[in-house]
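The analysis underlying the following values was restricted to heavy atoms, covering all of them including side chains, and did not include hydrogens, waters or symmetry mates. Naming convention: chains lettered A, B, ... in sequence-line order (proteins, then strands); numbering from 1 in each chain. As the structure is a prediction and not an experimental result, all values here were calculated from the model.
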There are 2 protein chains.
Amino acid sequence: MGYYRNDKFLKQFGNHLREIRLGKKLSQEELAFRSELDLTQIGRIERGVTNTSVSLANKIAKALKIPVKDLFDF
Amino acid sequence: MGYYRNDKFLKQFGNHLREIRLGKKLSQEELAFRSELDLTQIGRIERGVTNTSVSLANKIAKALKIPVKDLFDF
DNA sequence: ATTGAATAGTGCAAATTTGCCCTAATATAA
DNA sequence: TTATATTAGGGCAAATTTGCACTATTCAAT
């Protein structure tokens, strides 16, 4: 399996998340704490090396205090 | 693990997807074919019993010819 | 009521993600 | 530079997702 992964999309998603996070002046560690994810996972998502789930995207959006759909608006 | 899953969100996501799919008069099978996912998986997502990935959400959105963010707009 | 289409659901192996441990590399201040 | 904070990344076990094969149930139309 694994052929359902779209690396370009994941990179864009990660870069977009990073921009939003930096725009809010948050460190990965602070975002990890607020979203109750591991710091490692936040990094992996931003680098586009993991294909995270819609649930975690939702948790991250909540931690950033933005609508989930904004995470996908790029 | 597994405590990062938000069932309410997954149900909403699935219901929203279903509404969009039906609005386009597509069967799960047709959507599965267009998105290159398995029919079983489309059903699981709509029922909210699986926490799918952002990549698959993207493939589904493409198959529906809508922006990904619209899948998260509910 | 019957037929056929569509959806629900079960079970399994393989692939992938995730948290947690850790160290390395890079950026930011002082 | 030196120290400090931040990010990158390796490695592993456990959890989860996914496709595939299959049967059961529900829906729609005639």
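Listed for the A:N15 side chain is a donor-acceptor partner under 3.5 Å among the backbone atoms of A:K11.
Taking the six-membered ring for Trp and thresholds of 30 and 60 degrees, B:F9 and B:F72 have nearly parallel ring planes, at less than 30 degrees apart.
The shortest side-chain heavy-atom distance between A:K24 and A:I66 falls under the 4.5 Å cut-off. In this structure, the side chains of A:R18 and A:R47 come closer than 4.5 Å at one or more pairs of heavy atoms. Under the 4.5 Å side-chain criterion, counting only non-hydrogen atoms from C-beta, A:L10 is not in contact with A:T50.
Contact check, A:T52 against C:dT18: a side-chain N or O comes under 4.0 Å of OP1 or OP2. Contact check, A:Q28 against D:dA8: a side-chain N or O comes under 4.0 Å of OP1 or OP2. Residue B:R21 has a polar side-chain atom (N or O) positioned under 4.0 Å from OP1 or OP2 of C:dT7. Look at A:R18 and you'll find a side-chain N or O under 4.0 angstrom from OP1 or OP2 of D:dA8.
The nearest heavy atom of DNA chain C to A:I45 and to B:R47 marks one nucleotide each, and the one closer to the 5' end goes with B:R47. Heavy-atom nearest nucleotides on DNA chain C were determined for A:I42 and for B:S27, and the one closer to the 5' end corresponds to B:S27.
For the pair B:E46 CD and C:dA8 C1', the interatomic distance rounds to 11 Å; values are reported in whole Å. Atom-to-atom, CD of B:E30 to P of C:dA6 comes out at 10 Å; the value is rounded to the nearest Å. Here C:dG9 presents its P atom at 16 Å from CG of B:D38, a figure rounded to the nearest Å. Nucleotide D:dT16 holds its P atom 11 Å from the CG atom of B:D7, rounded to whole Å. In this structure, A:F33 places its CZ atom 18 Å from C1' of D:dT6, rounding to the nearest Å. As a whole-Å value, the separation of A:L56 CG from C:dG19 C1' is 11 Å. The interatomic distance linking B:Q41 (CD) with C:dA15 (C1') rounds to 13 Å, in whole Å. Between A:R44 atom CZ and C:dC20 atom P there is a gap of 11 Å when expressed in whole angstrom units.
Considering A:E30, A:E46, A:H16 in turn, A:E46 is the only one that fulfils the side chain to side chain donor-acceptor pair (under 3.5 Å) rule with A:R21.
In the helix from C:dA1-D:dT30 to C:dA30-D:dT1, the end axes, each obtained as the rotation axis mapping the C1' atoms of four pairs onto the next four within a five-pair block, lie 70° apart to the nearest 10 degrees.
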At a cut-off of 3.5 Å, list every protein nitrogen or oxygen paired with a nitrogen or oxygen from nucleotides 26-30 of chain C, distance to 0.1 Å.
none

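Counting any heavy atom pair closer than 4.0 Å across all strands shown, A:T40 reaches a base atom.
Proximity note for B:E29 (side chain, C-beta onward) versus C:dT18, C:dA6, D:dT18: the nearest is C:dA6. Checking D:dT17, D:dT18, C:dT7 against every side-chain atom of B:N51, the shortest atom distance belongs to D:dT17.
Summarising the geometry, atom OG belonging to B:S55 is positioned 12.5 Å from atom NZ belonging to A:K8; distances are rounded to the nearest 0.5 Å. The structure places CG of A:N51 at 9.5 Å from CZ of A:F13, a figure rounded to the nearest 0.5 Å.
Pairing each heavy atom of A:L37 with each of A:K59, the nearest pair is CD2-CD, 4.4 Å.
Hydrophobic clustering (ILVMFWY, side-chain heavy atoms < 4.5 Å, transitive): A:L56 and A:L39 are in distinct clusters.
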